[in-house]
Amino acid sequence: MKKYSVADAADPYVSYDMIHAHTELPSYSEPRLQLLYAVLAQSKETRERSELFSLVTALVQLGMDTHDLVDTETGQRTEIQMRSRQLKILAGDFFSARFYQLLAAKGEIELVAILSKAVADVNRLKISFYTTAENASLTTEQYLMNRISLKSEMFAPFHKYLSQPIAKVWKELLQQVTAFEVMLDELKNIFDAGGYARSFAYWNLHNIVTSTEEKKMLQQNSYKLLVDKYQVRRHMLDYLHTAYEAVLRILETEQLVELKAELAHTVEEMKNQLGNFSMKEVEAQ
């Protein structure tokens with residue numbers, strides 16, 4: 001029997017030819033969504049609503065992630081670029097609207113309020129994060145913690161629905177799964193320093209380079225040589241290993257046997273991703 005996938009369940013609500021023909025959408029936050037589905041399915045109060053709650057969270061998260069891709073640069077754009085930008089704005093709004101519609105149809109008004117507040121909290125965090133980043137005053141740890149907070153905030157409020165012993169470990173488990181997901185994304189986009197917040201590699205180098213020449217390379221986003229020189233990938237892989245091992249440790253708790261089984265595929269995927277990037281690091285040496 002095919003394993004339930006939150007992303008597959010959400011796909012019919014976001015697959016529109018016009019959107020996909022003219023713009024790109026972000027990928028689903030698979031580890032967080034599968035984690036959410038698993039803990040809800042294991043809790044008595046939400047077992048029958050686990051698919052609905054996971055689905056609407058996927059849609060509102062996708063809506064926010066789509067808005068994050070909107071080009072905010074000034075200047076002239078081609079017709080294709082303008083259409084792509086407009087569709088990202090409209091698509092993000094549309095995905096968010098579907099979450100309201102689905103919950104209202106089921107009478108889940110409490111969750112509408114909870115997720116709406118979470119959206120507002122995420123937006124406040126973004127403003128604070130971007131302001132600090134623009135002032136060039138972020139440490140590497142602050143950058144990472146901010147990104148983890150932004151990615152986990154939408155999922156955190158579900159603790160009120162969870163049964164013990166899952167409720168006891170929810171906060172740490174969510175943080176570690178999110179940390180893994182964030183660092184994996186950073187490794188995939190290690191040389192992408194665009195946007196206000198820039199990247200983990202950028203802030204890591206920002207806090208250690210001292211020479212005028214190296215600072216200039218960083219300012220011009222030409223820091224591939226610096227990444228190699230200061231072994232930034234190895235530093236990032238350490239974070240990835242730490243998050244993965246923390247997830248394993250939490251799930252080894254005797255009372256979480258069923259949750260561990262439910263998350264087996266997700267944990268295996270995390271292991272494979274970790275192995276792929278570790279192998280790339282070995283090959284680069």
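Every heavy atom of this structure was used, including side-chain atoms; hydrogens, water molecules and symmetry mates were not.
- Atom OG in Ser211 sits 8.0 Å away from atom CG in Leu226 (nearest 0.5 Å).
- Contact annotation: the side chain of Leu35 never approaches that of Arg32 to less than 4.5 Å [non-hydrogen atoms, C-beta and beyond].
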query: Asp238 and Arg234: salt bridge (Lys or Arg N to Asp or Glu O under 4.0 Å), yes or no, with the steps?
result: CA-CA 6 Å; Asp238 286 342; Arg234 181 173 296 180; over 6 Å; no
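- For the atom pair OG1 (Thr57) and CG (Leu52), the distance works out to 8.5 Å, reported to the nearest 0.5 Å.
- Rounding to the nearest 0.5 angstrom, the gap separating the OG1 atom in Thr178 from the CZ atom in Arg147 is 11.0 Å.
- Nearest heavy-atom pair across His206 and Ala136 is CE1-O, 3.7 Å.
- The shortest side-chain heavy-atom distance between Leu259 and Leu173 falls under the 4.5 Å cut-off.
- The cluster map of Ile, Leu, Val, Met, Phe, Trp and Tyr, joined by side-chain heavy atoms under 4.5 Å apart, puts Tyr130 and Ile127 in different clusters.
- By the 30° and 60° cut-offs, the orientation of the rings of Tyr161 relative to Phe158 is tilted.
- For Glu30 against Ser5, the heavy-atom pair with the smallest separation is OE2-OG, 4.0 Å.
- Residues Ser54 and Ser50 approach most closely at OG-O, 2.7 Å, considering heavy atoms.
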Check against side chain to side chain contact (heavy atoms under 4.5 Å, CB included), Gln175 and Ser152: CA-CA 7 Å; Gln175 180 166 356; Ser152 62; over 6 Å; no
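- Atom CD1 of Ile250 and atom CD of Gln176 lie 5.5 Å apart (nearest 0.5 Å).
- Counting heavy atoms from C-beta outward, Leu174 and His159 have side chains that stay 4.5 Å or more apart.
- Between Tyr244 and Val267, the shortest heavy-atom distance links the atoms CE1-O, 3.8 Å.
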field: Worked verdict on Val247 versus Phe180 for side chain to side chain contact (heavy atoms under 4.5 Å, CB included)
entry: CA-CA 9 Å; Val247 171; Phe180 186 93; 5.8 Å; no
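- A distance of 9.5 Å separates CD of Gln42 from OG of Ser163, quoted to the nearest 0.5 Å.
- Applying the salt bridge (charged side-chain N to carboxylate O under 4.0 Å, His left out) test to pairs two or more places apart or on separate chains, those with a residue in residues 154-173 are Glu110-Lys160, Glu172-Arg249.
- Test Lys188, Met236, Met183 against Phe277 for side-chain contact (heavy atoms from CB on, under 4.5 Å) and you get one pass: Lys188.
- Dense packing is recorded around CD of Gln164, with more than 12 heavy atoms of other residues, nucleotides or ligands lying under 6.0 Å away.
- In this structure, Met270 and Leu184 have side chains that are not in contact, with every pair of non-hydrogen atoms separated by 4.5 Å or more.
- Between Arg49 and Leu40 there is no side-chain heavy-atom pair separated by less than 4.5 Å.
- The number of heavy atoms from other shown groups lying within 6.0 Å of OH (Tyr230) is above 12.
- A continuous path of ILVMFWY side-chain contacts below 4.5 Å connects Trp203 to Leu225, so both sit in one hydrophobic cluster.
- Within the structure, every pair that satisfies the salt bridge (charged side-chain N to carboxylate O under 4.0 Å, His left out) test and touches residues 206-219, not counting sequence neighbours, is listed here: Glu214-Lys229.
- Taking the side chain as every heavy atom from C-beta outward, Pro165 and Leu256 approach each other to under 4.5 Å.
- With values rounded to the nearest 0.5 angstrom, Glu186 atom CD is found 7.5 Å from Leu144 atom CG.
- Contact check for Lys126 versus Asn146: no side-chain heavy atoms found under the 4.5 Å cut-off.
- By the 4.0 Å N-to-carboxylate-O rule, Lys151 lies too far from Glu181 to be salt-bridged with it.
- Residue Tyr37 is tested with Tyr28, Phe53, Tyr4, Phe155 for a ring pair (Phe, Tyr, Trp, His ring centres under 6.0 Å); the sole match is Tyr4.
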task: Would you please test Leu115 and Val112 for side chain to side chain contact (heavy atoms under 4.5 Å, CB included) and show each step?
output: CA-CA 5 Å; Leu115 291 183; Val112 171; over 6 Å; no
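- The shortest distance between side-chain heavy atoms of Tyr223 and Val209 does not fall below 4.5 Å.
- No single ILVMFWY cluster, assembled from side-chain heavy atoms under 4.5 Å apart, contains both Val257 and Leu248.
- Other residues, nucleotides and ligands contribute at most 12 non-hydrogen atoms within 6.0 Å of the CD atom of Glu258.
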Could you pull out all donor-acceptor pairs under 3.5 Å where a side-chain atom in residues 92-104 meets a protein atom, sequence neighbours excluded?
unit_1: Asp93; atom_1: OD1; unit_2: His67; atom_2: NE2; d: 3.0
unit_1: Ser96; atom_1: OG; unit_2: Gly92; atom_2: O; d: 3.1
unit_1: Arg98; atom_1: NE; unit_2: Gln101; atom_2: OE1; d: 2.7
unit_1: Arg98; atom_1: NH1; unit_2: Tyr16; atom_2: OH; d: 3.4
unit_1: Tyr100; atom_1: OH; unit_2: Ser116; atom_2: OG; d: 3.1

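- Note: His235 and Phe200 have tilted aromatic rings, judged against thresholds of 30 and 60 degrees for the angle between ring planes.
- Counting only distance, with no hydrogens or angles, the side chain of Gln34 and the backbone of Val6 share a donor-acceptor pair below 3.5 Å.
- What you find for Pro31 and Val177 is that their closest heavy atoms are CB-CG1, 3.7 Å.
- For Tyr143 and Phe129, the ring centers are positioned less than 6.0 Å apart.
- Nearest heavy atoms, Ile190 versus Ser199: O-OG, 4.1 Å.
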- request: Go through Ser43 and Leu162 one step at a time and tell me if the side chain to side chain contact (heavy atoms under 4.5 Å, CB included) criterion holds.
  value: CA-CA 5 Å; Ser43 296; Leu162 304 180; 3.6 Å; yes
